Amino acid sequence: MSVAPAATITYREAMRDAIRHALLADERVFLMGEDVGAYGGCFGVSRGLLAEFGPERIRDTPLSESAFVGAGIGAAMAGARPIVEVMTVNFCLLALDQIMNNAATITHMSGGQFAIPLVIRMTTGAGRQVAAQHSHSLEGWLAHIPGLKLLAPATLADARGMLAPALADPNPVLIFEHGSLYNLEGELSEAAEAVDIERAAVRRAGADVTLVAYGGTVPTALAAAETLAGEGVEAEVIDLRVLRPLDDRTVIESVVRTHRAVVVDEGWRSGSLAAEVSARIMEQAFYELDAPVARVCTAEVPLPYAHHMEQAALPQPEAVVAAVRRMTGEPER
Amino acid sequence: MSVAPAATITYREAMRDAIRHALLADERVFLMGEDVGAYGGCFGVSRGLLAEFGPERIRDTPLSESAFVGAGIGAAMAGARPIVEVMTVNFCLLALDQIMNNAATITHMSGGQFAIPLVIRMTTGAGRQVAAQHSHSLEGWLAHIPGLKLLAPATLADARGMLAPALADPNPVLIFEHGSLYNLEGELSEAAEAVDIERAAVRRAGADVTLVAYGGTVPTALAAAETLAGEGVEAEVIDLRVLRPLDDRTVIESVVRTHRAVVVDEGWRSGSLAAEVSARIMEQAFYELDAPVARVCTAEVPLPYAHHMEQAALPQPEAVVAAVRRMTGEPER
Amino acid sequence: MTATTAVDRRHGLELLRQMLLVRRFEEKCVELYSATKIRGFMHLYIGEEAVAVGVMQALTAEDAVVATYREHGHALVRGVSAASIMAEMYGKVEGCSRGRGGSMHLFDAATRFYGGNAIVGGGLPVAVGIALADKLAGRDRVTACFFGDGAVAEGEFHECLNLAALWSLPVLFVCENNRYAMGTALERYESETDLALKAAAYEMTAWSADGMDVVVVEEAAQRAAAEVRDGRRPCFLELRTYRFRAHSMYDPDLYRSKQEIEHWREHDPIPVLGDRLRAAGLLSDDDVAGLEREVAEEIEAAIAVAEAGSLEPVEELERFVYWEGEAP
Amino acid sequence: MTATTAVDRRHGLELLRQMLLVRRFEEKCVELYSATKIRGFMHLYIGEEAVAVGVMQALTAEDAVVATYREHGHALVRGVSAASIMAEMYGKVEGCSRGRGGSMHLFDAATRFYGGNAIVGGGLPVAVGIALADKLAGRDRVTACFFGDGAVAEGEFHECLNLAALWSLPVLFVCENNRYAMGTALERYESETDLALKAAAYEMTAWSADGMDVVVVEEAAQRAAAEVRDGRRPCFLELRTYRFRAHSMYDPDLYRSKQEIEHWREHDPIPVLGDRLRAAGLLSDDDVAGLEREVAEEIEAAIAVAEAGSLEPVEELERFVYWEGEAP
Ligand SMILES: Cc1ncc(C[n+]2csc(CCOP(=O)(O)OP(=O)(O)O)c2C)c(N)n1
Ligand SMILES: Cc1ncc(C[n+]2csc(CCOP(=O)(O)OP(=O)(O)O)c2C)c(N)n1
Ligand SMILES: [Mg+2]
Ligand SMILES: [Mg+2]
């Protein structure tokens with residue numbers, strides 16, 4: 001990746017770095033959201049920023065999701081570069097009118113007169129036993145909305161590198177940080193390079209089957225690939241990275257090589273982004289398929305609190321492995 | 001269908017009939033929403049009901065979507081049978097937290113202690129040049145949410161027959177009335193029979209291709225089928241009717257007969273219900289397919305005001321016909 | 001609040017001209033709607049002209065405006081050309097939103113007219129954000145946010161008043177209280193119908209004024225705008241007005257009495273100002289005839305542009321879903 | 001508001017027992033959380049016990065309760081068994097929500113305890129609806145809706161107060177003002193920090209009271225509940241209190257000073273009541289020892305049930321997504 005000296009860093013720190021650099025690089029940038037200041041961010045991402053940048057640029061908001069998300073839209077239309085933090089995706093439902101009817105719509109509805117260079121960050125995902133109302137994984141579902149761009153950083157490099165291009169983008173960009181990734185640790189070059197926010201990435205090369213994942217399910221897919229490798233099945237793991245506009249080319253190119261695909265998605269199965277990926281493979285690579293595309297998603301239940309029940313509801317590496325086994329066991333046509 | 005005397009009736013009148021009968025049949029039933037009373041309902045569905053049933057049971061609400069939808073949830077939990085009208089699906093975004101985090105969740109989250117016999121009615125759909133904020137077709141997208149049931153009456157019989165079973169259902173049921181259907185007119189037996197709210201319906205039998213549609217696209221699919229019949233292609237038209245839980249069996253049985261399918265959906269293409277239908281056909285009937293399942297959906301743009309642009313954005317019979325032609329032209333494998 | 005200042009002739013005639021322009025423009029829109037030249041939802045401002053005309057007098061070219069779906073008048077008075085508005089309602093590419101927005105979504109970056117928003121209450125957070133950006137950039141500007149009485153019931157109203165007051169943002173909240181939210185009368189949806197009282201819950205200064213007298217409206221708006229500018233904090237202005245026409249072209253208008261409408265027509269803001277000026281000897285029949293002619297010509301010219309306008313090629317459907325080119 | 005009524009010994013001891021039960025129960029929960037028996041988010045009520053205990057005295061078994069994610073105390077005092085609550089936090093099927101809800105989602109139909117809601121403000125519309133159903137059915141009941149100061153900023157608060165007042169619904173809105181929404185102090189997120197004033201915008205009667213003195217709370221709650229019952233209209237009660245512990249088990253608690261916490265600990269509701277009873281000669285050390293023993297036994301028994309409880313078979317995962325059987 002880079003030649004600059006590398007340091008050990010967590011996903012949380014990488015996000016914080018990215019925000020710091022953005023604040024330092026452009027005075028139009030500010031951060032607002034619930035508890036981003038004095039508390040340091042519900043997940044500690046913005047800890048220290050209030051002290052460094054002050055209350056004008058690190059703004060604690062009231063519990064008023066619709067108002068402060070909408071204020072981010074207006075501020076962006078008027079020339080600012082807001083980073084709005086919605087504490088978790090669960091609460092963005094309260095701001096969805098602003099997101100769909102204003103952020104996603106005004107540029108088009110005004111005939112291209114207003115750009116909306118807004119970034120909205122949210123923590124997403126389940127797995128911490130916080131039960132039904134706090135365990136949604138809605139990013140794949142929100143990718144339905146034209147006019148928005150959606151990003152799901154699943155690596156340290158993306159955690160640090162996606163914010164700058166997102167802020168430079170004249171459109172509303174939603175960044176989803178999976179709660180299970182914040183403590184992800186590893187080496188990352190000191191230089192905060194921006195990464196592209198157009199393409200999916202092949203995280204592991206393999207010729208036998210394509211595993212498509214994003215955000216919190218990338219580690220799941222990689223774990224499954226490890227197991228499969230032990231059985232002599234080489235899985236190619238694709239991290240979508242960008243949920244809208246979807247880079248289906250990278251997916252299709254892989255499927256054309258492997259002839260099989262499993263989509264791993266923490267969203268509920270029906271109407272999941274996994275369904276969209278499956279449909280696109282159907283449309284663009286049907287004759288390349290040796291087996292039907294399979295989906296491993298979250299069970300269609302509100303997430304239960306009990307650990308064993310929650311884990312049973314979520315997509316596990318074992319289920320991915322089983323899906324691949326069924327597929328490779330499948331008689332060729 | 002029925003032997004009782006038939007009368008000419010509109011979809012609007014059929015809905016009104018259904019509400020009247022529900023109010024007459026069960027004193028726990030009441031209707032609340034914006035302008036359902038004095039105004040007679042934004043689309044005239046509830047005209048006359050305030051005079052007949054009075055302000056306690058026909059309740060005009062303030063412009064407070066989250067509060068009155070949530071109040072419907074609480075009222076249902078406490079033994080009432082509310083019919084909540086959200087004037088149009090566009091405004092349900094303001095109540096989505098209540099719908100997803102309470103209505104869809106509490107029965108499960110409480111370990112099965114509370115039933116939520118709630119009906120929420122909304123007008124949905126585009127086509128009347130009311131522009132981006134008032135032209136959403138979100139019912140297919142909302143079908144992603146476990147714990148809800150979603151209905152899309154596309155016929156007079158369903159317009160009148162779906163409400164009673166929806167109210168009898170101990171779960172939150174959302175009913176989507178497509179704005180373009182209100183003036184649909186036809187004969188309907190005087191007796192308000194309930195219909196099932198589990199199964200999809202074959203609206204037209206055909207052996208060559210399956211057209212899957214719902215709500216506002218059912219007429220589109222039927223029109224396309226007419227044209228195709230003229231070309232000697234017999235299309236089977238399936239009206240999903242129930243968007244969640246999805247009756248995929250009826251779809252699969254049809255595809256097993258026809259070996260080809262086109263899904264027609266007024267939702268935006270990416271992440272549409274059409275994607276889910278395509279993915280399920282992939283999973284359950286892959287080896288039956290002679291061609292990839294195709295989707296005819298709304299272009300991925302906020303709906304424009306100008307008539308020609310709006311029509312260009314929406315799924316048209318011609319596009320369905322073209323998709324079928326491409327498919328039947330496709331070389332068999 | 002009643003008017004205390006005398007109006008000079010030039011300004012008086014200008015106020016009258018602006019109200020006449022809005023009135024005649026919309027009367028023409030009704031004809032064009034019946035002629036199916038205009039489609040979709042269309043909401044008329046007829047009867048409420050004094051509000052937009054009076055308030056706009058207090059704004060400078062640098063200030064910003066956020067309006068609702070009932071915004072023909074606001075756009076016209078703000079300086080969006082009648083031609084580009086009419087072309088918009090015709091769905092022509094010459095429209096101020098390229099025909100993509102229609103009657104409810106008039107936009108004009110040049111005059112900082114941030115649109116026609118058709119979600120009740122949906123414009124308030126946007127206005128708060130515009131004011132926040134101006135404040136952060138050290139620009140001394142006011143954002144005027146127009147909304148109806150019905151919007152007061154929405155949660156966003158509450159959230160936005162608190163946010164604007166908490167952060168001392170230069171927003172002028174203008175509540176156009178025409179006593180109805182569609183067919184529901186204020187007292188049937190608000191437990192407390194004195195809307196100016198609501199502002200107290202946010203420690204925000206508020207005034208109520210007669211919205212049928214443009215001179216009174218202007219005076220109240222000047223005071224409020226000055227308070228926002230100099231006090232660097234938001235203010236709330238309730239203007240009591242009435243719509244003479246139905247809510248929209250679809251509304252059978254069954255929820256209010258003919259007498260009530262008649263009563264309010266007696267306070268029609270155009271004759272109210274005319275009489276005031278005549279009484280002060282500032283207005284003659286010739287003046288009125290001249291203004292009517294001037295306004296009629298502007299509207300005819302606008303219609304000509306709209307008629308001659310072109311339809312955007314359908315190939316351009318997917319343009320502007322995302323911003324084209326660099327961020328501004 | 002200060003207490004005017006003298007408390008008799010039996011009632012005084014009962015109030016003390018209930019507060020002790022909540023306090024000791026949660027102190028045990030902290031241990032069990034560290035021992036990883038309890039997981040997920042857990043919010044402690046320690047310091048605020050007088051609010052739930054005082055208010056619940058004013059409710060009958062027919063009344064309904066809606067609470068937040070900080071609801072262990074409300075559930076216990078309402079009469080949900082300590083065992084079923086502890087089992088719930090253990091994720092056992094014996095839990096009051098079968099282990100599906102956890103600490104934030106305690107439910108109990110038997111006591112009309114409509115849950116633990118973890119979306120701030122999310123319970124208010126539900127409470128309004130319960131009261132509406134009771135009113136429509138002619139049932140003379142009160143719905144007590146507990147929420148924090150932070151919820152006041154949410155749009156739903158505004159919508160619900162208006163709706164309840166407009167429709168004269170029997171809702172007792174109980175604002176537990178502990179001066180912080182997570183790490184954000186009230187004055188940093190509300191432009192008007194006198195929360196009782198908010199009710200005036202809806203023509204709703206409101207009281208503020210010292211939430212650290214259970215006798216004062218009970219008195220205020222009795223008055224407010226009577227007003228709701230007899231006046232057949234909603235009331236708003238603000239109880240000024242303080243949480244001694246961090247917001248949740250994840251909170252480093254960096255946003256307030258040790259002195260501030262210490263100051264409030266001096267008003268700990270348990271000693272406050274104890275001293276009051278002692279001063280009146282109604283409480284002895286033996287009484288306290290007896291209550292502590294009683295409470296400790298109840299908690300130990302609850303833990304035993306939770307420990308002995310069983311995990312729901314994963315085959316049952318998809319149960320209860322939809323209601324099983326006929327509508328009740
Ligand atoms: C959130 C939302 N709910 C409902 C509607 C439908 N609707 C359009 S205008 C209107 C009435 C608004 O009344 P008011 O705010 O007083 O404005 P007015 O039309 O009187 O100018 C309603 C209910 C909407 N556009 N947005
Ligand atoms: C809508 C929503 N936004 C944000 C959160 C995250 N959150 C949980 S509790 C809390 C603070 C609430 O403060 P308050 O209402 O005063 O209740 P307290 O915790 O002090 O009892 C926040 C921000 C949430 N649960 N719901
Ligand atoms: Mg109005
Ligand atoms: Mg608090």
Side-chain angles (χ1 to χ4, degrees), chain B residues 33-44 46-48 50-51 55 59-68 70 87-88 90-95 97-98 126-136 179 182 268 298-314, chain C residues 36 38-41 69 88-93 95 97-105 116-122 148-157 180-186 188-191 247-248 250-256 311-321:
Chain B
E34 291 159 12
D35 289 304
V36 296
Y39 188 100
C42 183
F43 298 89
S46 50
R47 190 158 299 158
L50 175 61
R59 310 183 75 91
D60 278 317
T61 64
L63 275 133
S64 304
E65 286 79 6
S66 200
F68 69 76
M87 193 180 280
T88 76
N90 311 288
F91 317 137
C92 85
L93 295 173
L94 289 161
D97 170 66
Q98 286 297 322
R128 289 167 302 124
Q129 284 192 259
V130 291
Q133 293 182 331
H134 276 61
S135 300
H136 295 303
Y182 281 125
W268 291 304
T298 289
E300 308 216 31
V301 301
L303 271 287
Y305 162 72
H307 179 70
H308 68 297
M309 296 292 264
E310 182 181 34
Q311 290 305 311
L314 295 171
Chain C
T36 74
I38 301 173
R39 299 280 77 198
F41 288 146
Y69 46 85
E88 184 59 34
M89 297 206 272
Y90 268 62
K92 301 292 182 75
V93 71
S97 303
R98 294 183 122 256
R100 283 175 150 76
S103 164
M104 301 194 293
H105 303 297
N117 200 305
I119 302 298
V120 172
D149 47 289
V152 170
E154 290 283 1
E156 281 179 328
F157 168 83
Y180 286 88
M182 249 173 96
T184 307
L186 180 60
R188 297 187 56 246
Y189 70 80
E190 278 293 320
S191 58
H247 168 72
S248 75
Y250 292 153
D251 172 11
D253 209 344
L254 305 170
Y255 44 81
R256 50 184 196 173
L311 294 175
E312 196 173 15
V314 292
E315 296 64 39
E316 297 194 2
L317 175 63
E318 300 199 349
R319 285 188 65 188
F320 311 119
V321 175

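Computed from heavy atoms alone, side chains included, the values below leave out hydrogens, waters and symmetry copies. Just so it is clear: chains get the letters A, B, ... in the order the sequence lines come, proteins before strands, and each one is counted from 1. Keep in mind that this is a model prediction, so the values were computed, not measured.
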task: Please check if the distance between the ring centroids of F41(C) and Y69(C) is under 6.0 Å.
output: no
- prompt: Taking the six-membered ring for Trp, is the centroid-to-centroid distance between H134(B) and F91(B) below 6.0 Å?
  reply: yes
Which atoms of [X] come close to chain C, meaning under 4.5 Å heavy atom to heavy atom: side chain ones, backbone ones, both, or neither?
X       : result
S64(B)  : both
E300(B) : backbone
L94(B)  : side chain
H308(B) : both

Specify which of [options] makes the most heavy-atom pairs with chain B at under 4.5 Å.
options                   : value
V93(C), N117(C), V152(C)  : N117(C)
G155(C), G101(C), G95(C)  : G101(C)
M89(C), E316(C), R319(C)  : M89(C)
V120(C), L254(C), I119(C) : I119(C)

message: If you count heavy-atom pairs within less than 4.5 Å of chain C, which of H307(B), E65(B), Q311(B) leads?
response: E65(B)
message: Taking every non-hydrogen pair under 4.5 Å, which of A306(B), G44(B), G40(B) racks up the most with chain C?
response: A306(B)
Main-chain N/O of [Y] paired with [X] side-chain donor or acceptor, under 3.5 Å:
X       : Y       : result
D60(B)  : Y189(C) : no
E310(B) : P304(B) : no
S135(B) : L303(B) : no
Y250(C) : C42(B)  : no
E154(C) : G121(C) : no
R59(B)  : V36(B)  : no

Chain B contact via [X] - which portion, at a heavy-atom distance below 4.5 Å:
X       : value
I38(C)  : both
M104(C) : side chain
D251(C) : both

task: Provide the closest heavy-atom pair for G183(C) versus D35(B) in the form atom of the first, atom of the second, distance.
output: N-OD1, 3.0 Å
